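Just so it is clear, the structure is predicted and the values come from calculations on it, not from any experiment.
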Amino acid sequence: MKENSNNNTNETRKKKVLYGIIIGTVALIILTTAIVLGSVIASKLTCSHDNTYEIEILPYKSATCLEEGLTMGKKCNYCGKIFVKQKTIPKTECSATETLPYKAPTCKETGLTEGKKCSVCGKIVVAQKVIPTKACNSSVVLSAKAPTCTKTGLTQGKQCSICGKITTAQQIIQKVACKETTWIVDKEPTKTMDGSRHTECTMCGKIMQKQVIASGSKGLTYVDQKDGTYLVKGSYYFSDPDVVIPRMYNECNVVGIQYYAFMNNKYIESLKTPSTITFIDSQAFYGCENLKTVILAKGLEVLSGYAFKNCTSLESITLPSTLRTIGHEAFFNCTSLTTIEFEGTVEQWSAISLGTGWRGRVPATEVICSNGTVPLN
């Protein structure tokens, strides 16, 4: 047993010696390497020029996800010689420090889940996902509307209170028929002013028909020309002294006065025509010995021959600017006619076709126009 113990002690001593040798060798190697490196570094941190210089530190630059970084370096601040070259540090991974907010969906717009992006470069790290739109609600009631005789109605409908989408469409209810009244007189006609009448709906008051009640002298007779117009036929016995020709008869225009219409009438003292009259036929007022004043409205174009012949009391007449023709002896023997007025210009009067003897035995010496006078020789 004692012999075995001695052997173990010797083994231990041998191992310790061996470990010491190894450690000494490593230390020697490290020391030698340090000396060598020191001399190398020293040689690297020196320049060949004799100028005074300092070692400039090239700063360290951290790498980010957006750009690369650099290690620290060194160089001569005089000649720029690089002692320690900077090395590139690769870009880092992106960080997700900025939150992209959640957006709730509606019936009008889609929503978004929460996302994340890098606060440095803006790269999306966690993408947001689209959340589909929600179904519309029907909380707004569209009121029903009863129809009338002028407007259609509507059934009740429904509408989304968020986006306004119609969820239940309103249906059109057709109009109902109007109920028409009998004729209602709005204005009674007079000799010089038209009257009017109308019918209307008893339900909505809408005017359904309108008619003119012709003004003018009562008791005149008319001739239907079968073209939607009438002529005044007149009468030898017509006793109204102030004749006013109506502009309409049976809802049609009165466009002329027929030949011999009032020939030799002893009652007429004045005459006035409407703008619808375009012609006065031959001898229409021939021999109306008590006729004193005549006013012919604008619209008259033709005054036929003998129209006012032998109207010995006629004192004044007004002729419209639309007149184009005065026939043969139209005013012959109007021995009291001292005033002839023409509503047009002197130039327009000169363009009128004047029949032979149109003013024979007329005392008037001139025609009074809107811009001057025309002498009657």
Side-chain angles (χ1 to χ4, degrees), residues 191-192 216-225 229-247 249 254-320 322-343 349 352-368 376:
K191 185 177 288 188
T192 56
S217 299
K218 305 301 179 184
L220 295 172
T221 57
Y222 301 88
V223 176
D224 188 353
Q225 296 202 102
T229 63
Y230 282 85
L231 301 181
V232 176
K233 185 176 181 181
S235 171
Y236 171 80
Y237 299 104
F238 188 74
S239 59
D240 188 346
D242 299 310
V243 176
V244 177
I245 304 298
R247 58 183 295 272
Y249 180 72
V254 177
V255 298
I257 301 174
Q258 194 181 41
Y259 54 86
Y260 309 135
F262 297 93
M263 185 176 182
N264 295 321
N265 185 291
K266 308 301 180 185
Y267 302 101
I268 300 175
E269 295 180 5
S270 67
L271 169 67
K272 186 176 182 180
T273 64
S275 60
T276 56
I277 297 294
T278 60
F279 68 93
I280 297 176
D281 223 335
S282 176
Q283 302 182 63
F285 295 92
Y286 182 100
C288 292
E289 60 186 32
N290 290 313
L291 181 60
K292 295 178 182 179
T293 304
V294 174
I295 299 175
L296 304 177
K298 187 175 182 179
L300 181 68
E301 297 180 3
V302 177
L303 186 60
S304 299
Y306 312 107
F308 292 94
K309 183 176 181 178
N310 290 334
C311 292
T312 54
S313 297
L314 184 59
E315 297 173 351
S316 65
I317 186 165
T318 300
L319 303 173
T322 52
L323 190 61
R324 300 290 177 264
T325 302
I326 298 178
H328 177 72
E329 296 187 6
F331 297 101
F332 187 86
N333 203 37
C334 292
T335 55
S336 299
L337 183 56
T338 57
T339 302
I340 301 175
E341 293 185 358
F342 178 62
E343 294 177 333
W349 175 263
I352 295 175
S353 174
L354 301 173
T356 304
W358 71 274
R359 61 178 184 85
R361 298 182 185 177
V362 171
T365 58
E366 62 183 7
V367 176
I368 303 170
L376 299 175

Quiz item: Under a 4.5 Å cut-off applied to non-hydrogen side-chain atoms, are Leu220 and Phe262 in contact?
Solution: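 Yes. Closest side-chain heavy atoms under 4.5 Å.
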Side-chain donor-acceptor contacts of residues 285-294 below 3.5 Å, not counting sequence neighbours, with atom names and distances?
unit_1, atom_1, unit_2, atom_2, d
Tyr286, OH, Asn310, ND2, 3.1
Glu289, OE1, Lys266, NZ, 3.4
Asn290, ND2, Lys266, O, 2.6

Practice problem: I would like to know whether Trp349 and Ile368 meet side-chain contact (heavy atoms from CB on, under 4.5 Å); could you show each step before the answer? | Solution: CA-CA 10 Å; Trp349 175 263; Ile368 303 170; over 6 Å; no
Exercise. Determine the interplanar angle of the His328 and Tyr306 rings, folded into 0 to 90°, and report it as parallel if under 30°, tilted if 30 to 60°, perpendicular if over 60°.
Key: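 His328 vs Tyr306 ring planes: perpendicular.
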Listed partners of [X] passing salt bridge (charged side-chain N to carboxylate O under 4.0 Å, His left out), at least two apart:
X      : answer
Asp242 : none
Glu343 : none
Lys298 : none

Nearest-0.5 Å distance that lies between atom [atom1] in [X] and atom [atom2] in [Y]:
X      : Y      : atom1 : atom2 : answer
Arg324 : Leu300 : CZ    : CG    : 10.5 Å
Ile257 : Ile280 : CD1   : CD1   : 4.5 Å
Leu323 : Ser353 : CG    : OG    : 10.0 Å
Thr338 : Leu314 : OG1   : CG    : 9.0 Å
Asn333 : Lys309 : CG    : NZ    : 8.0 Å
Arg361 : Phe332 : CZ    : CZ    : 4.0 Å

Exercise. Go through Phe308 and Leu303 one step at a time and tell me if the side-chain contact (heavy atoms from CB on, under 4.5 Å) criterion holds.
Key: CA-CA 9 Å; Phe308 292 94; Leu303 186 60; 3.6 Å; yes
Self-check item: Nearest heavy-atom neighbours spanning Ile277 and Val254
Solution: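 In terms of heavy atoms, the two residues are closest at CD1-O, 3.5 Å.
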Quiz prompt | Closest approach of Ser336 to Pro363 (non-hydrogen atoms, all atoms of both residues) | solution =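 Closest heavy-atom pair between Ser336 and Pro363: C-CG, 4.1 Å.
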Self-check item: Donor-acceptor contact below 3.5 Å, side chain Thr276 vs main chain Val255
Solution: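 Side chain of Thr276 to backbone of Val255, a donor-acceptor pair under 3.5 Å: no, none is there.
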Quiz item: Does Ala297 offer a backbone N or O that forms a donor-acceptor pair with the side chain of Thr273 under 3.5 Å?
Solution: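 Between the backbone of Ala297 and the side chain of Thr273 there is a qualifying donor-acceptor contact (under 3.5 Å).
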Quiz item: Should Val362 and Leu376 be marked as a side-chain contact (heavy atoms from CB on, under 4.5 Å) after you check the CA-CA gap, both sets of side-chain angles, and the distance that decides it?
Solution: CA-CA 10 Å; Val362 171; Leu376 299 175; 5.9 Å; no
Quiz item: What residues, two or more places apart in sequence or in another chain, satisfy ring pair (Phe, Tyr, Trp, His ring centres under 6.0 Å) together with Tyr249?
Solution: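 Checked Tyr249 against ring pair (Phe, Tyr, Trp, His ring centres under 6.0 Å); matches are Tyr222, Tyr230.
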Practice problem: Could I get the full list of side chain to side chain contact (heavy atoms under 4.5 Å, CB included) partners for Thr221, not counting sequence neighbours? | Solution: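 Result, side chain to side chain contact (heavy atoms under 4.5 Å, CB included) vs Thr221: Lys233.
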Self-check item: Greater than 12 external heavy atoms within 6.0 Å of Tyr267's OH
Solution: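 Counting neighbours around OH of Tyr267, 12 or fewer heavy atoms of other residues, nucleotides or ligands fall under 6.0 Å, so no.
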Quiz item: Ser217 and Phe238: side-chain contact (heavy atoms from CB on, under 4.5 Å), yes or no, with the steps?
Solution: CA-CA 10 Å; Ser217 299; Phe238 188 74; 3.7 Å; yes
